[in-house]
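Just so it is clear, the values below take in all heavy atoms, side chains as well, and ignore hydrogens, waters and symmetry mates.
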Amino acid sequence: SLVTRFAPLLTSLAPGDEAAMAVAMAAARQLADLAFAVRQTLGPLPVSGMGGVFNSPVIWDEFASLTGAIRPMAPPEVGAALLASGGIDA
C-alpha cells in the first residue's frame, strides 16, 4: 500500500521533524492498542513485534515501552509450532 511504502521515509524523518514524530508515535500507540485488544480477548500473552514497521527504532521503542514487547527469537511459524506442540508455554 501507499502508506507502507512511505513508512520508512516517515520514520527516518521523525527524529528531526515534529510532525513525522507525531505520526510515528500515533502509529506505535495504535499497534500497542491492537496488542492490548488481543491480550484482553485471549488473556495474558507475551508480546513481540513482527514486520517491517518494527525495523524503525522510533516505532519499536515506543511500542516496546507501552507493551513490554521483546524482539522475536524466531520466525512466527516456529513459535506457533512450539506452542502447538507444547514445547513452550504462552
Side-chain angles (χ1 to χ4, degrees):
S1 80
L2 187 59
V3 173
T4 303
R5 290 194 311 238
F6 282 112
L9 175 62
L10 173 87
T11 57
S12 71
L13 295 172
D17 184 282
E18 189 176 314
M21 182 62 82
V23 171
M25 291 293 100
R29 286 189 296 275
Q30 288 185 9
L31 290 166
D33 287 345
L34 289 172
F36 296 141
V38 169
R39 280 180 167 169
Q40 192 171 30
T41 301
L42 299 178
L45 295 169
V47 175
S48 184
M50 290 295 295
V53 72
F54 292 112
N55 291 333
S56 163
V58 171
I59 291 179
W60 173 258
D61 291 348
E62 181 69 7
F63 177 79
S65 172
L66 293 169
T67 63
I70 58 169
R71 293 278 185 191
M73 297 175 67
E77 55 273 11
V78 171
L82 287 169
L83 281 170
S85 71
I88 59 172
D89 294 325

Student: For the residue pair F54 and F63, does the interplanar ring angle fall in the parallel (under 30°), tilted (30 to 60°) or perpendicular (over 60°) class?
Tutor: tilted
Student: Of the non-hydrogen atoms in A14 and A24, which two are nearest, and what is the gap between them?
Tutor: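 So the two residues come closest at CB-CB, 4.4 Å.
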Student: Which value, rounded to the nearest 0.5 Å, describes the distance between M21 atom CE and L10 atom CG?
Tutor: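 Reported value, rounded in 0.5 Å steps: 9.5 Å.
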Student: Which value, rounded to the nearest 0.5 Å, describes the distance between E62 atom CD and T67 atom OG1?
Tutor: 9.5 Å
Student: Could you tell me which non-hydrogen atom of D17 sits nearest to which non-hydrogen atom of A20, and how far apart they are?
Tutor: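 Taking D17 first and A20 second, the nearest heavy atoms are OD1-N, 2.7 Å.
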Student: Before giving the answer on side-chain contact (heavy atoms from CB on, under 4.5 Å), spell out for R39 and V47 the whole-Å C-alpha distance, their side-chain angles and the decisive distance to 0.1 Å.
Tutor: CA-CA 9 Å; R39 280 180 167 169; V47 175; 3.0 Å; yes
Student: Does CD in E77 sit with more than 12 non-hydrogen atoms of other residues, nucleotides or ligands closer than 6.0 Å?
Tutor: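 More than 12 within 6.0 Å, yes.
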Student: W60, L31: one ILVMFWY side-chain cluster at the under-4.5 Å cut-off?
Tutor: yes
Student: Can you give me the closest heavy-atom contact between A28 and I59, atom names plus distance?
Tutor: CB-O, 3.7 Å
Student: Decide whether F6 and V58 are clustered together by the hydrophobic rule: side chain heavy atoms of Ile, Leu, Val, Met, Phe, Trp, Tyr closer than 4.5 Å, transitively.
Tutor: no
Student: Is it true that a side-chain atom of T41 and a backbone atom of A37 form a donor plus acceptor pair closer than 3.5 Å?
Tutor: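 Pair found, side chain donor or acceptor close to backbone of A37.
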Student: Can you see which heavy atom on M50 is nearest to which on P76, and at what distance?
Tutor: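 Answer, listing the atom of M50 first, then P76: CE-CD, 3.2 Å.
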Student: Is S12 reaching over with its side chain to a backbone N or O of L9, donor-acceptor style, under 3.5 angstrom?
Tutor: yes
